[in-house]
Amino acid sequence: MKISTKGIYALEAMIELASRNTACVSIRDIAAARNCSVKYLEQIFKQLKKAQLLISIRGKDGGYQIAKDPEEITAKDIILAVEEKLDPVVCLSHTCTRSGICRTQPVWMGMQEQIYKVLESKTLKYLTDIYRNEVSA
C-alpha cells in the first residue's frame, strides 16, 4: 500500500482550504500555496466534491469551500475519496484464491485496521490546528 501524490495533495489542499478564514478559495490560490499544478488539483477536487467533502461556488467571488464541519471530516474520508484502496496487500481487495489456506491474512487485516484507525483519528480540524500552530510559530 502506498498513498499516491493524489492522496497527499488532497489532504494538503483540504488543510489549506480549512485553514483559511474566507468563504471561498480559488483553486489557483490553493495550487500556488501547495506548489501544485492547477490541472492536477482540479482532478482531485472533482473527486473530493463527488465525495461531498467540498462545495464549489461559481461566479466572480467563487471558489471552493469545505462541505462539512472540519471536525466531521477525517483524513480517512479525504484519502479514500481520491485513492482506490488502502489495502496493504492485493489479496485484501480482491477475492483471493488462497484465502482458505493463507496463514498471513490476519497480519494484513490487522495492518489495514491500524491504518484505518490512525486515519480515522485525525480530523481535518485537528490537522488544520497543527498547521496553524506551525505557521504561527
Side-chain angles (χ1 to χ4, degrees):
M1 179 226 46
K2 183 176 181 182
I3 295 175
S4 70
T5 56
K6 192 180 268 192
I8 294 166
Y9 283 136
L11 195 54
E12 285 190 6
M14 290 290 284
I15 294 167
E16 182 70 32
L17 192 56
S19 70
R20 302 212 179 183
N21 293 326
T22 57
C24 286
V25 181
S26 78
I27 202 162
R28 290 187 191 285
D29 286 348
I30 296 168
R34 302 311 323 143
N35 195 24
C36 176
S37 155
V38 172
K39 292 270 187 209
Y40 194 44
L41 233 111
E42 285 172 347
Q43 294 172 20
I44 293 168
F45 275 30
K46 185 177 179 181
Q47 291 176 286
L48 292 169
K49 189 176 168 188
K50 184 178 177 184
Q52 300 179 335
L53 299 175
L54 284 181
I55 298 170
S56 63
I57 309 294
R58 293 181 176 234
K60 182 181 143 228
D61 296 322
Y64 287 88
Q65 59 186 206
I66 305 294
K68 305 178 199 177
D69 183 334
E71 190 70 54
E72 297 175 17
I73 300 173
T74 66
K76 180 183 172 190
D77 297 329
I78 297 165
I79 299 293
L80 288 179
V82 298
E83 299 283 351
E84 279 187 36
K85 292 279 184 183
L86 290 179
D87 300 331
V89 291
V90 72
C91 61
L92 289 179
S93 59
H94 300 359
T95 304
C96 183
T97 57
R98 298 177 33 87
S99 64
I101 60 171
C102 180
R103 295 196 173 132
T104 60
Q105 192 174 31
V107 173
W108 313 132
M109 291 175 84
M111 182 185 278
Q112 183 182 46
E113 271 181 42
Q114 293 305 311
I115 291 167
Y116 283 173
K117 279 183 184 177
V118 168
L119 293 174
E120 287 170 349
S121 73
K122 307 300 181 207
T123 66
L124 183 56
K125 181 183 181 327
Y126 170 82
L127 295 169
T128 302
D129 289 346
I130 289 173
Y131 172 72
R132 283 182 177 149
N133 288 338
E134 288 175 357
V135 170
S136 65

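Listed by chain and number, the residues in a side chain to side chain contact (heavy atoms under 4.5 Å, CB included) with Ala32 amount to none (sequence neighbours excluded). Under the rule for a side chain to side chain donor-acceptor pair (under 3.5 Å), the partners of Asp129 that lie at least two apart in sequence or sit in another chain are Lys125. Taking the side chain to side chain contact (heavy atoms under 4.5 Å, CB included) definition, one finds that Glu12 meets it with Ile8, Tyr9, Arg34, sequence neighbours left out. Taking Ala13 as the reference, Ile30, Leu41, Phe45 meet the side chain to side chain contact (heavy atoms under 4.5 Å, CB included) condition, with sequence neighbours excluded. By the side chain to side chain contact (heavy atoms under 4.5 Å, CB included) test, Ala67 pairs with Ile55, sequence neighbours left out. Applying the side chain to side chain donor-acceptor pair (under 3.5 Å) criterion to Ser56, with sequence neighbours excluded, gives Lys49.
The heavy-atom pair separating Ala33 from Arg20 by the smallest distance is CB-NH2, 3.6 Å. Minimum heavy-atom separation, Ser19 to Thr128: CA-CG2, 3.5 Å.
Under the 4.5 Å side-chain criterion, counting only non-hydrogen atoms from C-beta, Leu86 is in contact with Leu119. Looking at heavy atoms from C-beta onward, Leu54 lies in side-chain contact with Ile66 at the 4.5 angstrom threshold. At a threshold of 4.5 Å between non-hydrogen side-chain atoms, the residues Glu16 and Val25 do not count as touching.
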Stepwise, does the salt bridge (Lys or Arg N to Asp or Glu O under 4.0 Å) test hold for Lys46 with Glu42? CA-CA 6 Å; Lys46 185 177 179 181; Glu42 285 172 347; over 6 Å; no
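The distance from atom NZ of Lys122 to atom OG1 of Thr74, rounded to the nearest 0.5 Å, is 11.5 Å. Of the inter-residue distances, the one linking Ile3 atom CD1 with Glu83 atom CD reads 6.5 Å to the nearest 0.5 angstrom. The line from CD1 of Ile79 to OG of Ser4 is 8.0 Å long, rounded to the nearest 0.5 Å. Here the CE atom belonging to Met14 is positioned 4.5 Å from the CD1 atom belonging to Ile78, to the nearest 0.5 angstrom. The distance from the CD1 atom of Ile15 to the CD1 atom of Ile73 is 11.5 Å, given to the nearest 0.5 Å. Annotation: the span from Cys102 atom SG to Met109 atom CE amounts to 10.5 Å, rounded to 0.5 Å.
Between the side chain of Thr104 and the main chain of Val107, no donor-acceptor pair closer than 3.5 Å is present. Under a 3.5 Å cut-off, the side chain of Glu120 and the backbone N or O of Lys76 do not form any donor-acceptor pair. One N or O on the side chain of Tyr40 and one on the backbone of Lys6 form a donor-acceptor pair closer than 3.5 Å.
Put simply, Val118 and Met111 are part of two different groups of oily side chains (I, L, V, M, F, W, Y) that touch within less than 4.5 Å, one to the next.
A 6.0 Å sphere centred on CD of Gln52 holds no more than 12 heavy atoms belonging to other residues, nucleotides or ligands.
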